[in-house]
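Some notes on the structure that comes next.
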Amino acid sequence: MSEQKVMVLTGASRGIGHATVKRFGAEGWRVLTCSRQAFDPRCPWPGGEENHIQIDLASPDATIAAIARIKEKIGGKLHALVNNAGISPKAPGGGRLSTLDTDLRTWGQVFHVNFFASIVLARGFKDELAAAKGSVVNVTSIAGVRVHPFAGAAYATSKAALAALTREMAHDFGPMGVRVNAIAPGEIETAILSPGTDKIVEKLPMRRLGQPKEVADAIWFLCSDQSSYISGAEIEVNGAQHV
Ligand SMILES: NC(=O)c1ccc[n+]([C@@H]2O[C@H](COP(=O)([O-])OP(=O)(O)OC[C@H]3O[C@@H](n4cnc5c(N)ncnc54)[C@H](OP(=O)(O)O)[C@@H]3O)[C@@H](O)[C@H]2O)c1
């Protein structure tokens with residue numbers, strides 16, 4: 001029997017992460033999930049509860065402290081790390097937070113969840129990733145390369161930094177046989193979307209929102225042997241929104 005592959009996935013309780021855990025679970029992987037809330041029995045999957053780690057990635061101390069606990073659960077080889085958890089705070093009333101009105105605390109929180117946690121986890125698991133010749137996927141965003149009508153400045157800059165981090169990590173992890181890539185979703189039908197997104201959708205070349213499963217399929221590709229010589233890339237999953 002071939003060995004069961006293991007993945008660490010942040011933010012699996014909803015949206016893109018949820019579709020990703022379902023996708024990899026269906027392929028027989030053991031998925032260790034990390035998010036703030038306890039495991040939600042309303043949408044279970046086999047092994048979900050015992051493989052869930054409750055952690056607030058906005059806290060650097062909690063993130064660093066969780067490494068040893070997660071390493072123990074991994075048990076030697078890590079075939080994939082997917083840094084998917086992300087936050088996109090809004091102004092009171094739901095407005096966009098610009099460079100002029102984002103306070104430093106909010107800015108820091110966004111960077112801890114969307115950016116710093118990714119490198120803390122990847123570095124923490126480097127031996128396990130190297131042992132499996134694993135793959136890291138960072139979930140960036142179309143907002144990382146252009147001003148977006150709803151995504152705020154802290155969010156956009158954290159995603160631009162995460163894209164740059166992907167490049168740096170591909171360089172540094174490559175000699176260990178670990179590939180590092182990013183996927184940049186456009187407008188995907190999840191809770192993170194803002195009211196008014198329908199106006200953007202009308203102008204998209206494909207005239208529709210993306211589905212979380214379509215992003216999970218791209219993550220699957222980047223964690224599979226089908227992409228064995230792809231590293232340092234950022235794949236757009238946006239129905240041609242960027243053209
Ligand atoms: N949906 C889109 O259109 C879109 C577009 C571009 C990029 N993205 C990116 O795709 C990723 C997933 O987005 P989504 O739309 O699926 O988001 P979502 O539905 O809002 O889910 C976010 C996930 O992150 C977890 N999370 C949030 N804050 C956390 C924290 N402090 N510590 C640990 N976990 C935390 C949440 O779980 P808990 O609540 O349990 O913590 C949840 O599972 C994000 O990085 C997002 O920026 C999404």
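Order of appearance sets the numbers: ligands from 1, and atoms from 1 within every ligand.
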Expected list for residues 5-12: side-chain donor-acceptor pairs under 3.5 angstrom, two or more places apart:
| residue | atom | partner | partner atom | Å |
| --- | --- | --- | --- | --- |
| Thr10 | OG1 | Asn84 | N | 2.9 |
| Thr10 | OG1 | Ala85 | N | 2.9 |

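- With ligand atoms numbered from 1 in the order given, ligand 1 contributes 36 (C), 37 (O), 38 (P), 40 (O), 42 (C), 43 (O) to contacts under 4.0 Å with heavy atoms of Ser13.
- Checking only distances, Gly186 does come within under 3.5 Å of ligand 1, N or O to N or O.
- Counting heavy atoms closer than 4.0 Å to ligand 1, residue Ile55 contributes backbone atoms (N, CA, C, O) but none from C-beta onward.
- Listed by chain and residue number, Trp107, Phe111 satisfy the side chain to side chain contact (heavy atoms under 4.5 Å, CB included) test with Thr157 (two or more places apart in sequence, or in another chain).
- Using a cutoff of 4.0 Å between basic side-chain nitrogens and carboxylate oxygens, Arg208 and Glu189 are not scored as salt-bridged.
- Within ligand 1, the atoms closer than 4.0 Å to a non-hydrogen atom of Ala58 are 31 (N), numbered from 1 in the order shown.
- Taking each heavy atom of Ser194 and Phe150 in turn, the nearest pair found is OG-CB, 3.4 Å.
- For Ile87, no nitrogen or oxygen atom sits less than 3.5 Å from a nitrogen or oxygen atom of ligand 1, counting backbone and side chain alike.
- A salt bridge does not link Arg207 with Glu202: none of the charged nitrogens is closer than 4.0 Å to a carboxylate oxygen.
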List the steps and the verdict of ring pair (Phe, Tyr, Trp, His ring centres under 6.0 Å) for Phe39 and Trp45.
CA-CA 10 Å; Phe39 185 75; Trp45 57 85; 5.0 Å; yes

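- The pair Asp103-Arg105 fails the salt-bridge criterion, with no side-chain N (NZ, NE, NH1 or NH2) lying under 4.0 Å from an Asp/Glu carboxylate O.
- Which parts of ligand 1 touch Tyr155 is read off a 4.0 Å heavy-atom cut-off, strictly below it: atoms 6 (C), 7 (C), 8 (N), 9 (C), 46 (C), 47 (O).
- Counting only non-hydrogen atoms, the option in Ala85, Ala19, Ala12 that gets closest to atom 26 (N) of ligand 1 is Ala85.
- On a distance-only criterion, Ser141 and ligand 1 share no N/O pair closer than 3.5 Å.
- The shortest distance between side-chain heavy atoms of Asn83 and Leu121 falls below 4.5 Å.
- Distances from atom 45 (O) of ligand 1 to the heavy atoms of Val139, Ile188, Leu209, Asn84 show the closest one on Asn84.
- Set against the non-hydrogen atoms of Val113, the atoms of ligand 1 under 4.0 Å away are 31 (N).
- Within ligand 1, the atoms closer than 4.0 Å to a non-hydrogen atom of Glu187 are 3 (O), numbered from 1 in the order shown.
- Residue-ligand proximity, Asp56 to ligand 1, at heavy-atom distances under 4.0 Å covers atoms 30 (C), 31 (N), 32 (N).
- Interface of Leu193 with ligand 1, defined as ligand atoms under 4.0 Å from a residue heavy atom, comprises 3 (O).
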